[in-house]
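Let me begin by presenting the structure, written as structure tokens, before commenting on it.
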2 protein chains.
Amino acid sequence: MIKRKAVKKSLECKVRITAITDTMQVLSGKWKIHILGTLLQGGKMRFMDLLREIDGIAAKMLSKELQDLEMNQLVTRTVVDTKPITVEYEVTEYGKTMEPIIDEIANWGVFYRNRLHGKTE
Amino acid sequence: MIKRKAVKKSLECKVRITAITDTMQVLSGKWKIHILGTLLQGGKMRFMDLLREIDGIAAKMLSKELQDLEMNQLVTRTVVDTKPITVEYEVTEYGKTMEPIIDEIANWGVFYRNRLHGKTE
DNA sequence: TGCATTAGTTACCAATTGGAAACTAGTTTC
DNA sequence: GAAACTAGTTTCCAATTGGTAACTAATGCA
């Protein structure tokens with residue numbers, strides 16, 4: 001007695017799940033969204049700028065996460081031949097397509113705080 | 001010689017970082033977005049429905065993640081007095097406010113796949 | 001000469017995450 | 001009476017994540 005498998009898992013459903021998994025993998029970890037968000041509003045920024053701007057991140061993490069983002073072509077890394085060499089990071093055009101996601105996430109977070117504290121609408 | 005601290009970390013920047021951290025905490029883990037996404041498109045669903053629908057998830061994880069989502073009031077849990085009792089999960093009105101985020105994330109994932117495979121626009 | 005700054009890297013460690021499998025417990029069906 | 005289905009829980013384990021702190025290496029400044 002073989003049970004017919006439920007045909008619930010439609011193709012579009014699977015595509016959606018894969019899509020979500022992909023995006024979350026690209027944004028994986030505690031810091032990537034913050035780095036992207038900071039670079040999106042700061043434009044070109046150096047390693048030490050980011051280290052100082054992003055509260056709580058350690059050099060090791062920043063370095064590693066930037067490498068991930070660079071591999072996924074969301075940011076570019078440019079060595080500038082200054083006195084002590086500096087390295088500039090910048091969000092690519094492709095990386096900017098993440099902006100709607102980050103904005104939605106930030107918006108929701110604000111909404112969430114408002115709901116927690118009073119707001120008896 | 002005290003260096004003036006850079007006033008870069010503006011208040012709105014901090015608010016944004018907190019907001020992002022909050023949202024990501026609510027959505028933390030490998031499965032919450034998938035559970036929410038599945039419930040959003042499936043409406044009321046039972047535990048076993050979700051277990052079968054969400055590919056790869058184990059009962060332990062589903063149970064734990066549903067508890068988290070319930071605690072954050074994103075889903076409701078209702079015991080139904082059927083022959084073998086069943087439990088229905090459903091996204092709350094509040095939970096539905098996550099939809100834009102999930103949609104953006106899913107959209108980006110599709111865009112990402114298209115970019116990877118060919119697409120020389 | 002020695003310290004500061006740049007941009008990292010390395011080593012070590014602790015906590016968290018998540019997976020597999022077995023188990024509970026009540027009800028129903030064969 | 002055994003098996004199956006409901007909704008989980010429990011235990012045990014392995015891998016991943018991420019933090020601290022120290023270190024490298026090149027250059028500039030006093």
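Residue numbers begin at 1 in each chain, while the letters A, B, ... track the order of the sequences.
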Nearest-Å distance for atom pair [atom1]/[atom2], residues [X] and [N]:
{"X": "K60(B)", "N": "dA22(C)", "atom1": "NZ", "atom2": "P", "value": "15 Å"}
{"X": "H34(A)", "N": "dG18(D)", "atom1": "NE2", "atom2": "C1'", "value": "14 Å"}
{"X": "D49(A)", "N": "dT5(C)", "atom1": "CG", "atom2": "P", "value": "14 Å"}
{"X": "F47(B)", "N": "dT24(C)", "atom1": "CZ", "atom2": "C1'", "value": "14 Å"}
{"X": "R52(A)", "N": "dA4(C)", "atom1": "CZ", "atom2": "C1'", "value": "12 Å"}
{"X": "R46(B)", "N": "dC5(D)", "atom1": "CZ", "atom2": "C1'", "value": "10 Å"}
{"X": "D81(A)", "N": "dT6(C)", "atom1": "CG", "atom2": "P", "value": "16 Å"}
{"X": "L51(A)", "N": "dG18(D)", "atom1": "CG", "atom2": "C1'", "value": "15 Å"}

Shortest side-chain distance from V87(B), nucleotide among dG26(C), dA7(D), dT9(C):
dA7(D)

Closest nucleotide among dT6(C), dT9(D), dG19(C) to the P84(A) side chain:
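Looking only at side-chain atoms, P84(A) lies closest to dT6(C).
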
Using a heavy-atom cut-off of 4.0 Å across all strands, would you classify A58(B) as base, sugar-phosphate, or nothing?
nothing

Mind checking whether Y112(A) and Y94(B) have ring centres under 6.0 Å apart?
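For Y112(A) and Y94(B), the ring centres are not under 6.0 Å apart.
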
Closer to the 5' end of DNA chain C via nearest nucleotide, is it Y89(A) or S28(B)?
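Its nearest nucleotide lies further toward 5', so the answer is Y89(A).
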
For K14(A), does its backbone N or O pair with a side-chain atom of T18(A) as donor and acceptor, under 3.5 Å?
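Checking the backbone N and O of K14(A) against the side chain of T18(A), a donor-acceptor pair under 3.5 Å is found.
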
Please state whether the phosphate of [N], meaning OP1 or OP2, lies under 4.0 angstrom from any side-chain nitrogen or oxygen of [X].
{"X": "K30(A)", "N": "dG19(D)", "answer": "yes"}
{"X": "Q67(A)", "N": "dT9(C)", "answer": "yes"}
{"X": "S63(B)", "N": "dT9(D)", "answer": "yes"}

Please step through side-chain hydrogen bond (donor to acceptor under 3.5 Å, both in side chains) for the pair R77(B) and Q67(B), ending with a clear verdict.
CA-CA 9 Å; R77(B) 178 182 182 276; Q67(B) 280 171 29; over 6 Å; no

Comparing K83(A) and K64(A) on DNA chain D - which has the more 5′ nearest nucleotide
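It is K64(A) whose nearest nucleotide is closer to the 5' end.
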
Between M48(B) and I57(A), just flag the one whose closest nucleotide in DNA chain D comes earlier from the 5' side.
M48(B)

Within 45° of the axis and under 6.0 Å from the centre of the six-membered ring of Y89(A), does NZ or CZ of R46(A) qualify?
no

Pair K32(A), S28(A): side-chain N/O donor-acceptor within cut-off below 3.5 Å
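The answer is yes; a qualifying pair exists.
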
